[in-house]
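Down below is the structure, laid out as C-alpha cells.
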Amino acid sequence: MRTPETIISLILILISSLFCFSSLKLGMGSIKDPGSGFIPFLTGCSLIALSLFIVLSEGKATRKAGSKPRLFKRIGLGLPPSLLVLISLFIYVLVLETLGFILSTFLFLTFLFSISEKRSWKVALGASIVITASAYLVFGYLLEISFPRGILGF
Amino acid sequence: MEFISGIAHGFAVSLKLANILYCFSGVLTGTLIGVLPGIGPQAAIAFLLPVTYAMKADSAIIMLAGIYYGAMYGGSTTSILVNIPGESASVITCLDGHQMARKGRAGAALGTSAIGSFIAGTLGIIGLMFFAYPMAKMALRFGPPEIFSVMFMGLTLLAYLVQGSMFKALSMGLLGLLFSFIGIDMITGQSRFTMDLTNLMDGMGLIPIAMGLFGISEVIVNLEEKISRIVFETKIKGLLPTRKEWKRSLGPISRGTVIGFFLGLLPGGGPTVSSIVSYTIEKKISRYPEKFGTGMIEGLAGPESANNSATAGGFVPLLTLGIPTQVTMALLMGAMMIHNVTPGPLLLTQHPDVFWGVVTSMYVGNVLLLILNLPLIGLWVRVLKVPYRFLFPLILLFCIIGAYSLNNSTFDIAVMVIFGLVGYFMKKFGYEPAPLLLAFVLGRLMEQALRQSLSIFHGSFYMFFTRPISATFIIVALALIAFSFTSFLKKKRSS
C-alpha cells in the first residue's frame, strides 16, 4: 500500500485539512459576500478530494509498474552527496545569523568543495577563501547588501 | 498609428547605449546558462534578480528577458556537440543535431540552429508586436469574471499539457493556490495561515520558492547523476549550411516558427512542448521519416526555430493579460512587480517604456545573439569542460545570496531550502513543479477576482456562463477536466 503517491497524497490531505480548519476559524462569509476563509476552504476540500482519488487509483497503477525511484543515491563510500548538501544547507540557514555571512559561507563552501573534491584540502580551502571574499566584495560592498555580521563583527 | 509610434518609442528605449549593454549582458549570461547543463534559465533569472535592483525597470526586464532567450540559443550548442541538452527545450535537438555533428557537419548544425533561431525569434517578435497590442486593448474590457475564468482555464490547460499525470499536476496546482493564500487578506485585512510568524504576513516570496523548486532541487538531483561531458572532438568548420541544406531547412523553420509562437501563447505550451511538436510534425510530413534521428537537418531546424518563437509567444499573455504561461514568465512577472511594474492590460498605458522597450529589445537581442553565437562557439565548448563539482557550490551560493537579498532576511533562505527539498521529492516522484509555481503566482489574483464576481453578481455562479468570454474559458477548462477523467476511467476499465 505504501507507494510514494500514497504517502505524498496523505501529506497533501494533512496540509489541506490544516488549511480547511484554519479557514473555518477565519470565517466563511456567505456566497454573496465570501469571507477570508471561503476560497481557501474550497481549494483545500478540492485538494483533499483529488488526493483521495490519487490514493485510490494512481497508487495502484504505480505499484503494478513497480517503479520506485531511489532517494539520496550513494556514490562511493559514506553518506550520499545529495543528502550531505541538503543537510549543510539547513545548517547554513541555522548558523548564518550567529556566525555571520563571511564565516558561515566560508565553512559551507569548504565543506561543499571537500565532499566533491577528491583533491587536497588546500584546493577546497583556497577556492572557498577566494569565492567568499569575491562574493562579499561584489554583493556586500559594491551592491550594498547588508549581510549578517555575526561573531566576527563585519 | 498608435502601434507604429509605440514601436518607434520602443526602439528609442532599447537602442539606448545602457540598454544595449544590459541586453548584451543578458543574452551573454543566458547563452552561458544554456550551455551549462544542470542550471536552467529559471534558476538563473531567480538568482540574478538582486543584480537588477539598482537598475531602472525597463533595463532590468530587458536584461532578464535576454537571459531567457539567450538560454534557448546556448542550449542547442551543448545538444549538438555533447549530446547533453543544456536545458529542457533543447532535448529534441540532440536527436538529429548531434548525429549531424557525428557525421562531420557540426558546423552546419550549429549554423542552422543559430540562423533558424534567429529567423524564428525575429518573426516571433513581430507576431508579439501584432498580437500584444489588440490583446491588451481587448483585455482592458475584462471584468472580474473574465479575469477569474481566463486564469482558471490557464491553470487547467497547464496541468493538462505538462508531462505525466494530469491529476498529480492538478494537485500541485491546488497546493500552489493554498500557499498563495498565506499572508494578509487583501479584502478584509485579516492575517491568514501565518502561524503568527511576522515573516509570513506578506506571504511567501515567489523568488525563494522558485529558486528552491528549480535551483536547489536541480543541483541536488544532478549530484546523484554522473554528468559525463565528453565534448565531441571535431574541427568545427563551415558554420554556414550548404545551399541544399539551406533549402531543406526553410520549410521546417517557417513551420516551427508558427507552431512555436502559437503554442507559446498557451499555458504549459512553452519552448519544450513546441520543440517536440515541431519535431513530430516534421517527421510526419517528411518523405523519409525513417531517417529522422540519423542527422536529418529538418529534425534540427524545425524544433530549434519552434523553441525560440515560443519564447516570444509566451510574452504575449504576460504583457497583455498579466498571466504567466511558463515558469520563466512567472519569474519575469515577479521581477516586474519588484520594480513596481504590474504586467497586464494597463502596462501599455502606464509603462510604455517597459512594454515597447522589452518587446523591441528582443529584436536587438536576437541580432546580438547571432553575432555572438557563431564566433563564440569555441569558447562555449571550453566552458562545457568546467567540472560540475566546481559549479554546484557556486550555483548554491548564488541562490543563497539571491534569496537573502530580497528582504535581507534569513527566513527567505529557509523557505528556499525547504522548497529545494520539496522540489527534490517532486522530481523523484514525477510531480511537476510548474503548476505549483504558476498557481502560487496567480492564486491571490484569482481569489480576488472570484470574490469580487460573487459580490457583484449576488453569489451567482451562473454569470460565468452568461458572459461570452468567461463562458468560453470556463467551458474549455471544464471540458479538459472532464476529458481527462473519462479517458482515465476508460484506460482503467480496458486494463
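Note on naming: letters A, B, ... go to the chains in the order of the sequence lines (proteins, then strands), and numbering restarts at 1 for each one.
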>> Could you walk me through whether B/Phe181 and A/Ser23 satisfy the side chain to side chain contact (heavy atoms under 4.5 Å, CB included) test, starting with their C-alpha distance in whole Å, then the side-chain angles of each, then the deciding distance to 0.1 Å, before giving a yes or no?
In response: CA-CA 10 Å; B/Phe181 300 141; A/Ser23 306; over 6 Å; no
Do the non-hydrogen side-chain atoms of [X] and [Y] ever get within less than 4.5 Å of each other?
| X | Y | answer |
| --- | --- | --- |
| B/Phe425 | A/Ile11 | no |
| A/Leu12 | B/Met172 | yes |
| B/Glu447 | A/Pro34 | no |
| A/Phe101 | B/Tyr404 | no |
| A/Phe108 | B/Ile400 | yes |
| B/Ile418 | A/Phe90 | yes |

Contacting region of [X] [heavy-atom separation from chain A under 4.5 Å]:
| X | result |
| --- | --- |
| B/Ser191 | backbone |
| B/Ile456 | neither |
| B/Tyr431 | side chain |
| B/Phe398 | side chain |
| B/Met195 | neither |

Between [options], which has the largest tally of heavy atom pairs under 4.5 Å with chain B?
| options | result |
| --- | --- |
| A/Val85, A/Leu142, A/Val138 | A/Val85 |
| A/Gly37, A/Gly35, A/Ser128, A/Gly29 | A/Gly35 |
| A/Leu47, A/Asp33, A/Ile145 | A/Leu47 |

> Given B/Phe485 and A/Phe53, is the ring-ring contact (aromatic ring centres under 6.0 Å, His included) satisfied, shown in steps?
Replying inline: CA-CA 11 Å; B/Phe485 266 99; A/Phe53 177 78; 5.1 Å; yes
Distance in Å, [X] [atom1] paired with [Y] [atom2], rounded so as to fall on 0.5 Å steps:
| X | Y | atom1 | atom2 | value |
| --- | --- | --- | --- | --- |
| A/Thr43 | B/Phe179 | OG1 | CZ | 12.5 Å |
| A/Thr132 | B/Leu397 | OG1 | CG | 7.0 Å |
| A/Leu83 | B/Leu223 | CG | CG | 11.0 Å |
| B/Met426 | A/Ile8 | CE | CD1 | 8.5 Å |
| A/Ser9 | B/Phe167 | OG | CZ | 12.5 Å |

>> Quick check on the interface: out of B/Val221, B/Leu177, B/Leu396, B/Ile216, who has the most heavy-atom pairs with chain A under 4.5 Å?
In response: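 If we count pairs closer than 4.5 Å to chain A, B/Leu396 comes out on top.
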> Between B/Thr188, B/Ile413, B/Ile401, B/Leu175, which shows the greatest number of heavy-atom pairs under 4.5 Å with chain A?
Replying inline: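 Sorted descending by pairs with chain A, the first entry is B/Ile401.
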Atom [atom1] of [X]: over 12 foreign heavy atoms under 6.0 Å:
| X | atom1 | answer |
| --- | --- | --- |
| B/Asp202 | CG | no |
| B/Lys56 | NZ | no |
| B/Met201 | CE | yes |

Region of [X] that comes under 4.5 Å of a non-hydrogen atom in chain B:
| X | result |
| --- | --- |
| A/Phe139 | side chain |
| A/Tyr92 | side chain |
| A/Ser16 | both |
| A/Ile15 | side chain |
| A/Leu26 | both |

>> One pair to check against side chain to side chain contact (heavy atoms under 4.5 Å, CB included): B/Phe461 and A/Ile31. What are the steps and the verdict?
In response: CA-CA 10 Å; B/Phe461 279 98; A/Ile31 188 122; 3.4 Å; yes
> Is a donor on one side and an acceptor on the other found under 3.5 Å between the side chain of B/Arg192 and the backbone of A/Ser36?
Replying inline: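 Side chain of B/Arg192 to backbone of A/Ser36: a pair is present.
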Taking all heavy atoms of [X] and all of [Y], pick out the closest pair and write down the distance.
| X | Y | result |
| --- | --- | --- |
| B/Lys168 | A/Glu5 | NZ-OE2, 2.7 Å |
| B/Leu178 | A/Gly44 | CD2-N, 3.8 Å |
| B/Ser171 | A/Leu50 | N-CD2, 3.3 Å |
| A/Ser146 | B/Asn408 | OG-ND2, 3.0 Å |

>> Checking B/Phe193 against A/Leu18 for the side chain to side chain contact (heavy atoms under 4.5 Å, CB included) test, could you report, in this order, the C-alpha distance in whole Å, the side-chain angles of both residues, the deciding distance, and whether it holds?
In response: CA-CA 9 Å; B/Phe193 321 113; A/Leu18 291 174; over 6 Å; no
> Passes side chain to side chain contact (heavy atoms under 4.5 Å, CB included), B/Gln448 versus A/Ile39? Steps please.
Replying inline: CA-CA 10 Å; B/Gln448 212 176 337; A/Ile39 290 167; over 6 Å; no
